[in-house]
Amino acid sequence: MFKRVSLLWTLVRGDLMKFWWALRDPRAPRWFKLAAAGLLVYLLSPVDLLPDTIPFLGVVDDLVLLPLALRWLLARLPAGLQADLAARAG
């Protein structure tokens, strides 16, 4: 179980680093930056897909949806920017 969580954290951490670098890159499209702002609003908003008052499920939706959204947004970046981010991440 700990190995799976560790692997998942490694993937999410890599995506977060790429996401941060993409936000700071001037070649990133405007829609990407607006989507990042939307994700931040969703994360901080008290309105969720599943309310946090529902035990376990309220937190799990944030833990699942946000990494999936990050990966989906990164996959839609221009190919040149994706290649530069992958090279920078190693």
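For clarity, every value in this text was computed on a predicted model and none was experimentally measured.
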What's the spacing between [X] [atom1] and [Y] [atom2] if we round to 0.5 Å?
X: Arg71; Y: Leu16; atom1: CZ; atom2: CG; answer: 10.5 Å
X: Leu44; Y: Leu39; atom1: CG; atom2: CG; answer: 11.0 Å
X: Leu73; Y: Leu34; atom1: CG; atom2: CG; answer: 11.0 Å

> What closest approach, in Å, do Arg76 and Gln82 show between heavy atoms, and which atom pair accounts for it?
Replying inline: N-NE2, 3.8 Å
> Can you name the side chain to side chain contact (heavy atoms under 4.5 Å, CB included) partners of Ala89, sequence neighbours left out?
Replying inline: Lys18, Trp21
>> Suppose we screen for salt bridge (Lys or Arg N to Asp or Glu O under 4.0 Å). Which residues come up paired with Arg27, at least two apart in sequence or across chains?
In response: Asp25, Asp84
>> With a 3.5 Å distance limit and no angle check, can you tell me whether Arg24 reaches the backbone of Trp20 through a side-chain donor-acceptor pair?
In response: no
> Do Leu40 and Leu66 share a hydrophobic cluster, counting only Ile, Leu, Val, Met, Phe, Trp and Tyr and linking them when any side-chain heavy atoms are less than 4.5 Å apart?
Replying inline: no
> Same cluster or not: are Trp31 and Trp72 linked, directly or through other Ile, Leu, Val, Met, Phe, Trp or Tyr residues, by side-chain heavy atoms under 4.5 angstrom apart?
Replying inline: yes
> Side chains of Leu23 and Phe32: closer than 4.5 Å at any heavy-atom pair?
Replying inline: yes
> Leu77 versus Pro29: any side-chain heavy-atom pair under 4.5 Å?
Replying inline: yes
> For residues 30-45, which residue pairs qualify under salt bridge (Lys or Arg N to Asp or Glu O under 4.0 Å), counting only residues two or more places apart or in two chains?
Replying inline: none
